Amino acid sequence: MEIEDILKEAIRDAASSAIKDGVFPDGELAEVELSVPPKKEFGDYATNFAMQSARTFHMNPRKIAEEISSRITGDWLDHIQIAGPGFLNFYLKTDVLYDSFRKALEKGDAYGNLPHKDTERIMVEYVSANPTGLLHVGHGRGAAAGSALVNLLRAAGYPVYSEYYINDAGSQIDNLAASVNARYLELLGEQAVFPENGYHGKDIIDTAKRIISKDGDKYLHMQESERLKIFKELALKEKLKALREDLEEFNVTFDNWFSERTLHPNMVRDAVEELKANGNIYEEKGALWLRSTKYGDDKDRVVIRDNGVPTYLAADIAYHKNKFDRGFGRLINIWGADHHGYVCRVKAAMKALGYEPDKLEIKLLQMVSLFRGGELVKMSKRTGTSVTLEELIDEVGTDAARYFFLMRSLDSQLDFDLDLAKSHSNDNPVYYIQYAHARIMSVFRQAAEEHILEGDAPKLELLTDESEKKLIKKILSYEQEIEKAAADCAPHHIARFAYDIASDFHSFYSRCRIIGVDEELASARLALLRGTAHVIEHALGILGVSAPDKM
RNA sequence: GCGUCUGUAGCUCAGUUGGAUAGAGCAACGGCCUUCUAAGCCGUGGGUCGAGCGUUCGAGUCGCUCCAGUCGCACCA
């Protein structure tokens, strides 16, 4: 059992026994929360349990704290201090620290991977950009956030599955075909009218060029409707391939790519029928409307247009129903904040279908603004002048781009400083972390050359410097950090943690030498480095950032 | 007008679910390389947590009202 659990149990037991003895009134125990105090003068761990209980027990918190304190003993405990309004500060015997660290080291590469959780299966859907253009930096943030969240949940032991929803069925795909068609004709010197809602990106021209280089003017003289049909499939195939490659380059992969087409017509029809059957659909002006106002939406929404064609919402309802039907009990979607108006109606539809709306969690990602030379870089998908994800990767690299996307909470708008991201300087947090890892690896190389080894049973008790103890505590807090970050769906906590442990390492490194000190101490320090390097690598792995051996 | 998110040091942001004297990085200033990577370390200064009211032992955190910015409010996707 980990020390945190031992502590929590001891506190609960103390409170229960006090209740049993009639010192505390009978009642439900508050949740025991442990924290690492802001200052080391406040001990190794602290709890506000006495203050939390003050309300239910109707007692002075310090009195409660004293009572609990007097009932806790253990060979791991040095002493307990009561401080402030009623904090219980625990001072542990120092060997507890080393024992815990030894256990963490014994886990080896598995440290950081929490035991499998027997919860409902989670589906994380993210990116899901239309296959009609290039990914831009906004998609990049979604891709980084989604993949990091999947990694994080997996590390925390949740059963997770990831999916990309391909909008390959709507009118935008016809538009894609028409745009490619126009470029195709243009390139062959024919007259062409560019469609009004066409896609202007240069990738469309590239697609047309590729068709020509492969098949020449083979499609020129066929009927336009026939040509559009062929181009639709060719363009779609190519766009998907490009999307997949761009995302792989960005360390983003999916368990499944889900085609909207497979929903049509059966699953869409079934979903609408079901809504009709339970009275949540009505007809008006020739269209079928979802009674979403009944479930908190501010207006009802059309699901089947007056021309009989289902709306995007109808497909989306069918899709989310399908996710539940496939056995996922918890759905997490990552959307750009510009889609927030859509949240309410999808949730309303789920409610109307009888699903628990809280089982669909929609995380909204705030917008990204790029800055170069202190100036805002404007982006617009339509004109094709935006900064694409591919360009971003070319400019700053996958590691820096991912880290920058992940260092802020999803809720806050992101100012992405391109100059900072590509600077190879100490201003750049991603290099700071990677440098810590590279430094450790360098020490290992050097140590091996000089035949300095960690050995089988390093004497960890020799690690008594303040910086060493701080680093050990940091390593020991990692799994708790994973647990919490996963519970909050907050990958940015891991980004911050990685930075903090790198900082603790650099601090240690400048105070303590590894090579050239007493043999036993050197072994213990190598063990500390091994633990540190592993945690940094693991944390960066969650973020999808590499941990280089050399820089 | 309605809704979303945001507002914390000069700048960019954290803030452990309501706890102890609000923290990092950058920028500014001052130190540290004959020894394992100076892409590093150590130190100094810097705050009306947008404003106000409320909830309570206790509020940056919760509620209400304002102010400012952001994104949205389709039989588009």
Side-chain angles (χ1 to χ4, degrees), chain A residues 33-39 41-42 46 48 51-52 54-55 60-61 83-87 89 130 132 167 169-173 175 197 260 285-289 298-299 301-307 309-313 315-316 336-344 364-367 369 371 407-415 417 420 423-429 431-432 434-436 438-447 449-450 452 467 477 480-481 484-485 487-488 492-493 495-496 499-500 502-503 505-517 522 525 529 550-551:
Chain A
E33 282 177 37
L34 278 184
S35 61
V36 176
K39 299 204 180 247
E41 296 92 80
F42 295 144
N48 59 2
M51 282 119 81
Q52 298 291 359
R55 203 157 303 166
N60 181 319
F87 285 102
N89 293 337
N130 278 340
T132 54
N167 295 123
S171 57
Q172 81 281 2
I173 295 299
N175 250 321
N197 297 317
E260 183 191 342
K285 291 187 262 180
L288 294 185
W289 297 70
D298 39 353
K299 57 177 287 198
R301 309 289 171 176
V302 170
V303 286
I304 307 288
R305 301 186 182 95
D306 55 10
N307 62 7
V309 176
T311 59
Y312 181 81
L313 178 62
D316 230 9
D338 51 340
H339 287 78
H340 87 263
Y342 203 73
V343 173
C344 197
L364 294 175
L365 267 182
Q366 293 301 313
M367 302 284 104
S369 306
F371 286 85
M407 64 198 276
R408 302 295 177 224
S409 86
L410 308 185
D411 285 340
S412 84
Q413 288 160 37
L414 180 67
D415 285 350
D417 184 337
L420 179 59
S423 78
H424 289 211
S425 77
N426 56 349
D427 307 354
N428 190 338
Y431 284 101
Y432 181 85
Q434 291 181 316
Y435 182 50
R439 263 184 154 177
I440 294 173
M441 291 303 126
S442 174
V443 173
F444 278 134
R445 284 192 294 272
Q446 190 85 21
E449 252 175 54
E450 309 200 7
I452 302 166
S467 66
S477 69
Q480 203 178 328
E481 200 70 30
K484 195 195 282 284
D488 291 350
H492 74 283
H493 286 329
R496 189 181 182 74
Y499 189 89
D500 286 346
S503 171
F505 162 74
H506 285 309
S507 212
F508 154 78
Y509 184 87
S510 61
R511 281 172 63 97
C512 303
R513 292 191 55 81
I514 296 97
I515 292 162
V517 298
R525 286 183 172 160
L529 288 197
K550 275 185 193 166
M551 284 173 79

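Because the structure is predicted, anything quoted here is derived from the model rather than measured. Within every chain, numbering begins at 1; the chains are lettered A, B, ... in the order of the sequence lines, protein sequences first and strands thereafter.
Between the side chain of H339(A) and the base of G72(B), no donor-acceptor pair under 3.5 Å is found. For A20(B), the base has a donor-acceptor partner in the side chain of N89(A) [N/O atoms by modelled type, under 3.5 angstrom].
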* In dot-bracket notation, what is the pairing pattern of RNA chain B, taking Watson-Crick (N1-N3 plus N6-O4 or O6-N4) and G-U wobble (N1-O2 and O6-N3) contacts under 3.5 Å, with [ ] crossing and | for other strands? -> (((.(((..((((.....[...)))).(((((.......))))).....(((((..]....)))))))).)))....

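The CG-P distance, from L364(A) to G72(B), rounds to 12 Å in whole Å. H492(A) places its NE2 atom 17 Å from the P atom of G25(B), with the value rounded to the nearest Å. Between the P atom of U12(B) and the CG atom of L420(A) lies a distance of 13 Å, rounded to the nearest Å. The CD-P distance, from Q52(A) to G18(B), rounds to 9 Å in whole Å. The CG atom of D306(A) sits 17 Å away from the P atom of A74(B) (whole-angstrom rounding). For Q480(A) and U17(B), the CD to C1' distance is 14 Å, given to the nearest whole Å. Whole-Å rounding puts the Y342(A) OH to C71(B) C1' distance at 18 Å. Distance NE2 (H493(A)) to C1' (G15(B)): 9 Å, rounded to an integer number of Å.
A distance cut-off of 5.5 Å between ring centres, combined with a plane angle under 30°, leaves H506(A) outside any stacking arrangement with the base of A39(B). Per the stacking criterion (ring centres < 5.5 Å, plane angle < 30°), Y499(A) does not stack onto the base of G25(B).
As rounded to the nearest Å, U61(B) and U6(B) have P atoms that lie 13 Å from one another. Of the C1' atoms belonging to A59(B) and U48(B), the separation is 15 Å, rounded to the nearest Å. C26(B) and A39(B) have their P atoms separated by 14 Å, with the value rounded to a whole Å. Nucleotides A24(B) and G47(B) have their C1' atoms positioned 15 Å apart, rounded to a whole Å. Spacing between A28(B) and G45(B) at atom C1', rounded to whole Å, works out to 9 Å. Rounded to the nearest Å, the gap between the P atom of G46(B) and that of G52(B) is 23 Å. Nucleotides G30(B) and C71(B) have their P atoms positioned 42 Å apart, rounded to a whole Å.
Nucleic acid contact for A447(A): none, since no nucleic acid atom lies under 4.0 Å from a heavy atom of the residue. Among the protein residues, E33(A) comes within range of the sugar-phosphate backbone only, with heavy atoms under 4.0 Å from sugar or phosphate atoms but none that close to a base. A83(A) comes within contact range of at least one nucleobase, with a heavy-atom separation under 4.0 Å. Residue N48(A) is classed as a base contact, given a heavy-atom separation below 4.0 Å to a base.
Scored by the side chain to side chain contact (heavy atoms under 4.5 Å, CB included) test, F371(A) finds S369(A), L376(A), D415(A) as partners (sequence neighbours excluded). Residues passing the ring-ring contact (aromatic ring centres under 6.0 Å, His included) test with F505(A), sequence neighbours excluded: Y509(A). Residues passing the ring-ring contact (aromatic ring centres under 6.0 Å, His included) test with Y435(A), sequence neighbours excluded: H506(A).
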Any N/O pairs under 3.5 Å between the protein and nucleotides 5-8 of chain B? List them or say none.
unit_1: C5(B); atom_1: O2'; unit_2: D411(A); atom_2: O; d: 2.6

Using the 3.5 Å cut-off, write out each protein N or O paired with an N or O of nucleotides 35-38 of chain B and the distance between them.
unit_1: C36(B); atom_1: O2; unit_2: I514(A); atom_2: N; d: 3.4
unit_1: C36(B); atom_1: O2; unit_2: I515(A); atom_2: N; d: 3.1
unit_1: C36(B); atom_1: N3; unit_2: I514(A); atom_2: N; d: 3.2
unit_1: C36(B); atom_1: N4; unit_2: Y509(A); atom_2: O; d: 3.0
unit_1: C36(B); atom_1: N4; unit_2: C512(A); atom_2: O; d: 2.8
unit_1: U37(B); atom_1: OP1; unit_2: S442(A); atom_2: OG; d: 2.6
unit_1: U37(B); atom_1: OP2; unit_2: S442(A); atom_2: OG; d: 3.2
unit_1: U37(B); atom_1: O2'; unit_2: Y435(A); atom_2: OH; d: 2.3
unit_1: U37(B); atom_1: O2'; unit_2: R439(A); atom_2: NE; d: 2.7
unit_1: U37(B); atom_1: O4; unit_2: M551(A); atom_2: N; d: 3.1
unit_1: A38(B); atom_1: OP2; unit_2: R439(A); atom_2: NH2; d: 2.3

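Proximity note for S409(A) (side chain, C-beta onward) versus C75(B), G3(B), A14(B): the nearest is A14(B).
Taking both residues in full, the closest heavy atoms of A522(A) and I452(A) are given as CB-CG2, 3.9 Å, listed atom of the first, atom of the second, then distance.
Positionally, the nearest nucleotide of RNA chain B for D488(A) lies more toward the 5' end than for the other of D488(A) and S507(A).
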* To do: Could you check R445(A) against K550(A) for side-chain contact (heavy atoms from CB on, under 4.5 Å), going step by step and ending with a plain yes or no?
  => CA-CA 11 Å; R445(A) 284 192 294 272; K550(A) 275 185 193 166; 3.3 Å; yes

